[in-house]
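Bear in mind the structure is a predicted one, so any value in this text is a computation, not a measurement.
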Amino acid sequence: MQYLFDENGRRYLDAFAGIVTVSCGHCHPDVLNAITKQNELLQHATTIYLHHAIADFAEALASKMPGNLKVVYFVNSGTEANELAMMMARLYTGNLGMIALRNAYHGGSSNTIGLTALNTWKYPIPQGEIHHVVNPNPYRGVFGSDASRYAEDVQDHIDHGTSGKVAGFIAETIQGVGGAVELAPGYLKLVYDIVRKAGGVCIADEVQTGFGRTGSNYWGFETQGVIPDIVTMAKGIGNGLPLGAVVTTPEIASVMSQKIQFNTFGGNPVCSAGGLAVLKVIDKEQRQQHCSEVGSHLIERLRVLQKKHDIIGDVRGRGLMVGVELVTDRTSKSPAKAETAVLFEKLRELGVLVGKGGLHGNVFRIKPPMCFSRDDADFLVDALDYAMSKL
């Protein structure tokens, strides 16, 4: 579930969930059972044959989406999902230019590296028609939490950096790899209007924020009060299975019928059965509510810890998607890169696994399996307190 064991049998509290992937818990019995049963019946059939496991999962997933988001394409990863979403945006609008945020991460393929805006993840290859606008980061951003100023930058970029028309805009609601940065409140509503007026479609990357992890909502984009044209998802959708999806409207999906759209393993029966089981577990065990309650407790305890240790510059996030940014100086906000690396290993020695993020690797990413308990949260904070006291 929320624990991992090494080769000597030592237990670790997993507060990173295989990079925000294990949503229900490692080896959750309901998910395991669904996968095993399907494995024994039929391991593989491509989408050229209709199989009920694929249809049942697609139907269940579409029922979780607002508006007219009703058509589901299954792929194997978040990178593939964002690749497909970008292609859909370009085909549907007839435009090429894509807008993404600085500090974003959208995948590691040649196209999605273009969307990604962290030099630690980018190879020196052509980006294509991709534009990166100012990141609406309330902690480090040039305009603080003023969403309207950041939105003006998007309009300014469209006016000066494009033909005036764009294919689409893509954003995570809480930037994952970038260090659990929640966008300035109201930002997406303003930007979605600007992008649509420029002929583009709006893509929500829910690879890390989806499936109830934020606690307040099932999907991250709902925290900003918007409905995207395309939603991409992966990671928590399969609890560790290689699974991703793109959900869009029938109008946008229609452009894919111009050619053969096919994915050998996307939506295979085993992953589909596992994905459907994940949706059922999240509902049955009320994981969204659980994330809200445990996440609030965790953030509250981390903010108390922030008052004790000057190295903690910012505590942010919602639900069980939390970031703790470490700085050497709170005024200049200079990243505590070396100190974070030391604490990272110290926590592991104490039996706690966390993630690291941000351009300088100075943000602890706390995004555990959604069965993470209040006791687990207390243990994590106590371990962090102890490690910082010894720094």
Side-chain angles (χ1 to χ4, degrees), residues 45-95 98 106-107 111-112 115 167-173 188 192 195-196 199-207 209-212 217-222 226-238 241-269 271-276 278-280 282-283:
T46 67
T47 48
I48 60 172
Y49 301 108
L50 186 62
H51 189 279
H52 71 87
I54 303 169
D56 291 347
F57 182 33
E59 195 171 47
L61 198 53
S63 75
K64 298 288 186 187
M65 308 301 299
N68 202 29
L69 293 162
K70 300 202 181 307
V71 184
V72 182
Y73 292 86
F74 289 119
V75 292
N76 306 294
S77 68
T79 293
E80 279 192 20
N82 286 332
E83 280 269 2
L84 182 55
M86 184 163 35
M87 183 162 69
M88 282 180 179
R90 286 171 164 168
L91 290 171
Y92 180 71
T93 63
N95 303 321
M98 291 291 300
H106 295 293
N111 273 322
T112 56
L115 295 174
F169 167 83
I170 186 168
E172 310 153 90
T173 325
L188 286 186
Y192 276 23
V195 170
R196 284 167 176 156
V201 297
C202 299
I203 305 167
D205 180 332
E206 292 286 327
V207 170
T209 47
F211 302 95
N217 300 88
Y218 200 84
W219 302 109
F221 61 77
E222 292 172 316
V226 295
I227 298 179
D229 304 300
I230 304 173
V231 181
T232 62
M233 57 197 76
K235 291 189 180 288
I237 191 175
L241 290 163
L243 181 60
V246 179
V247 187
T248 189
T249 64
E251 294 76 26
I252 294 173
S254 67
V255 298
M256 302 308 295
S257 64
Q258 299 171 38
K259 304 281 183 181
I260 297 170
Q261 206 289 317
F262 176 71
N263 190 305
T264 301
F265 296 108
N268 76 79
C271 286
S272 295
L276 181 57
V278 166
L279 294 182
K280 289 177 178 175
I282 292 169
D283 287 348

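- In this structure, NZ in Lys259 is found 10.0 Å from CG in Leu91, a value given to the nearest 0.5 Å.
- Contact record, Val247 with Met65: CG1-CG, 3.9 Å, taken as the closest heavy-atom pair.
- Glu83 pairs by the side-chain hydrogen bond (donor to acceptor under 3.5 Å, both in side chains) definition with Ser109, Asn111, not counting sequence neighbours.
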Next on the checklist: Could you walk me through whether Met233 and Trp219 satisfy the side chain to side chain contact (heavy atoms under 4.5 Å, CB included) test, starting with their C-alpha distance in whole Å, then the side-chain angles of each, then the deciding distance to 0.1 Å, before giving a yes or no?
Outcome noted: CA-CA 10 Å; Met233 57 197 76; Trp219 302 109; 3.8 Å; yes
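- No side-chain heavy atom of Cys202 sits under 4.5 Å from any side-chain heavy atom of Val226.
- Remark: the backbone N or O of Cys271 is paired with a side-chain donor or acceptor of Asn268 at under 3.5 angstrom.
- When side chains are defined from C-beta on, Lys70 does not count as touching Thr249, because their heavy atoms never get closer than 4.5 Å.
- Counting heavy-atom neighbours within 6.0 Å of Ile260 CD1, excluding the residue itself, gives a total of 12 or less.
- Side-chain contact check for Thr47 versus Phe262: some heavy-atom pair is nearer than 4.5 Å.
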Would you tabulate the side-chain donor-acceptor contacts of residues 52-64 under 3.5 Å, counting partners in other chains and residues two or more places apart, or write 'none'?
unit_1, atom_1, unit_2, atom_2, d
His52, ND1, Asp56, OD2, 3.4
Ser63, OG, Ala60, O, 2.6
Lys64, NZ, Asp283, OD1, 3.0
Lys64, NZ, Asp283, OD2, 2.7

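- If you take CG on Asp229 and OH on Tyr92, they are separated by 8.0 Å, rounding to the nearest 0.5 Å.
- Heavy atoms only, all atoms of each residue included: Phe211 and Leu279 are closest at CE2-CD2, 3.7 Å.
- By the 4.5 Å heavy-atom criterion applied to side chains, Met87 and Met256 are counted as neighbours.
- Between the side chains of Thr232 and Asn82, a donor-acceptor pair is found at a separation under 3.5 Å.
- Ala167 approaches Asn95 most closely through the heavy-atom pair CB-O, 3.3 Å.
- With a 4.5 Å cut-off on side-chain heavy atoms, Glu172 and His106 count as touching.
- The two atoms that bring Ala234 and Gly78 nearest to each other are CB-N, 3.3 Å, heavy atoms only.
- Here the closest non-hydrogen pair linking Met88 and Val255 is O-CG2, 4.3 Å.
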Item to check | Intermediate values then yes/no, side chain to side chain contact (heavy atoms under 4.5 Å, CB included), Thr93 and Val201 | outcome: CA-CA 8 Å; Thr93 63; Val201 297; 4.0 Å; yes
Next on the checklist: Is there a side chain to side chain donor-acceptor pair (under 3.5 Å) between Thr209 and Glu206? Walk through the geometry before answering.
Outcome noted: CA-CA 5 Å; Thr209 47; Glu206 292 286 327; 3.0 Å; yes
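- The shortest distance between side-chain heavy atoms of Leu243 and Lys235 does not fall below 4.5 Å.
- Without hydrogens or angle criteria, Gln261 side chain to Ser257 main chain gives no donor-acceptor distance under 3.5 Å.
- Here the closest non-hydrogen pair linking Ala45 and Pro269 is N-CD, 3.5 Å.
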Item to check | Intermediate values then yes/no, side chain to side chain contact (heavy atoms under 4.5 Å, CB included), Ile227 and Leu69 | outcome: CA-CA 9 Å; Ile227 298 179; Leu69 293 162; 4.1 Å; yes
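- Side chains of Glu80 and Ser77: a donor-acceptor N/O pair is absent below 3.5 angstrom, by distance only.
- Results of the side chain to side chain contact (heavy atoms under 4.5 Å, CB included) test with Leu84 over Ile230, Val246, Thr79, Asn263 single out Val246 as the only residue that passes.
- Counting heavy atoms from C-beta outward, Arg196 and Phe169 have side chains that stay 4.5 Å or more apart.
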